2 protein chains.
Amino acid sequence: MLILKPGQALNLWHKAMLAQVRDDDPDLTTRQMAILLTVYLDPPPHTVRGLAAQLEVTKPVITRALDTMGIMGLVARRRDERDRRNVLVQRTVDGAEYLQRLGDLIANEAIETA
Amino acid sequence: MLILKPGQALNLWHKAMLAQVRDDDPDLTTRQMAILLTVYLDPPPHTVRGLAAQLEVTKPVITRALDTMGIMGLVARRRDERDRRNVLVQRTVDGAEYLQRLGDLIANEAIETA
DNA sequence: CCAATTCGTTACGGTTCTGGAACAGTATAT
DNA sequence: ATATACTGTTCCAGAACCGTAACGAATTGG
């Protein structure tokens, strides 16, 4: 249970967005970020179809986002050997570190938020 | 002064991103969102050059984002009559409502965040 | 009054994302 | 065996974004 007034929420959101824009890494799109967080915060397994359903987007959106974030090293793909039609989306060390930094960043800015 | 642990921050970020992706409106890019929040939360006046400097991006990035968000009705442009080289970025009723909804959304999800 | 500066915009070529449709591969059911 | 269903990927044309560079308009300084 966390108390956060709308004005505080916007200030926090603002600072986090600014930090994302200013750092040198290319920005993730909103959809990519939503996929990344779902993979790391929701319990596995994660499939393309499942992610598409949860985000309410089409499957090619997931495939392309996994392509991009795979190149970045933020997620990995593996075929499901029990049903070889499925692709299992897996976490990576780099992805875990990336999100850990993001969490720390937001938390630190929250402390300074009026 | 607001206490927010990194894990809570990520959960909150996740929910907010999911809500953004699932609604029907097209997603703003990270840069567009940063510009929008700066215009509404930082004291005016806001110029293209000033926004570019604060976000550490090039001027065309600001121009293009203002074009897009102008069409969406989220911001407006006006020439500065005191120095007609400048363009002043102004708030709109629609933009204010948009951010108010965003703030409420994040705040509501914060309450439910473990 | 003319040159130099500053402002925002536009033009360029390239990359990435978008939705919709078609696709090959795998599994299931008859 | 054959048809059907399901998964993830690829293809397509269109739209949006990117950084760099050039640009016209407005102001300032000599």
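Predicted model, so just to flag it, every value in this text is computed and none were measured. Chain A is the first sequence line, chain B the second, and so forth, proteins listed ahead of strands; every chain is numbered from 1.
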To the nearest 0.5 Å, tell me how far [X] [atom1] sits from [Y] [atom2].
X        : Y        : atom1 : atom2 : result
B:Tyr40  : B:Leu102 : OH    : CG    : 12.5 Å
A:Asn108 : B:Leu4   : CG    : CG    : 10.0 Å
A:Asn86  : A:Glu81  : CG    : CD    : 11.0 Å

request  = State whether the distance check finds a donor on one side and an acceptor on the other, under 3.5 Å, for side chain B:Arg64 versus base D:dG19.
outcome  =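 Counting by modelled atom types and ignoring angles, a donor-acceptor contact under 3.5 Å is found here.
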ask   = Which nucleotide, C:dT9, C:dC7, D:dT9, lies nearest any side-chain atom of A:Arg77?
value = D:dT9
query = Does A:Val57 reach the side chain of A:Leu51, with side-chain heavy atoms less than 4.5 Å apart?
reply =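 No, every pair of side-chain atoms sits at 4.5 Å or beyond.
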Let me know the distance between [atom1] of [X] and [atom2] of [N], rounded to the nearest Å.
X       : N      : atom1 : atom2 : value
A:Arg78 : D:dT7  : CZ    : P     : 19 Å
B:Asp67 : C:dT9  : CG    : P     : 7 Å
B:Leu28 : D:dA16 : CG    : P     : 14 Å
A:Arg31 : D:dA16 : CZ    : C1'   : 13 Å
B:Ile62 : D:dC17 : CD1   : P     : 13 Å
A:Met72 : C:dT15 : CE    : P     : 16 Å

query = Do A:Asp42 and A:Gln54 get their side chains close enough for a donor-acceptor pair, meaning under 3.5 Å?
reply =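 The answer is yes; a qualifying pair exists.
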inquiry  = For B:Thr38 and A:His14, which I'm curious about, is there any donor-acceptor pair between the side chains at under 3.5 Å?
reply    =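 Result is yes, a qualifying pair exists.
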remark   = Reading nucleotides 25-30 of chain D from 5' to 3' and marking B where a protein heavy atom lies under 4.0 Å of the base, S where only the sugar-phosphate is that close, and - otherwise, the string is -BS---
task = Look at B:Asp104 together with A:Lys5 and state whether they make a salt bridge at an N to O cut-off of under 4.0 Å.
result = no
query = Are the charged groups of B:Arg22 and B:Asp27 less than 4.0 angstrom apart, N to O?
reply =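 No, no charged N to carboxylate O under 4.0 Å.
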ask   = Reckon A:Gln32 has a side-chain N or O less than 4.0 Å from the OP1 or OP2 of C:dC17?
value = yes
ask   = Under 4.0 Å between a side-chain N/O of A:Thr63 and OP1 or OP2 of D:dG8, yes or no?
value = no
inquiry  = Heavy-atom nearest nucleotide on DNA chain C for A:Thr29 versus B:Pro60: which residue maps closer to 5'?
reply    =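 Closer to the 5' end of DNA chain C: B:Pro60.
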ask   = How do B:Lys59 and B:Asp27 order along DNA chain C: which one's closest nucleotide is nearer the 5' end?
value = B:Lys59
ask   = Do B:Ile106 and B:Trp13 pass the side-chain contact (heavy atoms from CB on, under 4.5 Å) test, and can you show the C-alpha distance, the side-chain angles, and the key distance before you say yes or no?
value = CA-CA 8 Å; B:Ile106 300 172; B:Trp13 198 261; over 6 Å; no
message = Within residues 37-58 of chain A, which residues have any heavy atom lying less than 4.0 Å from an atom of DNA chain C?
response = A:Thr58
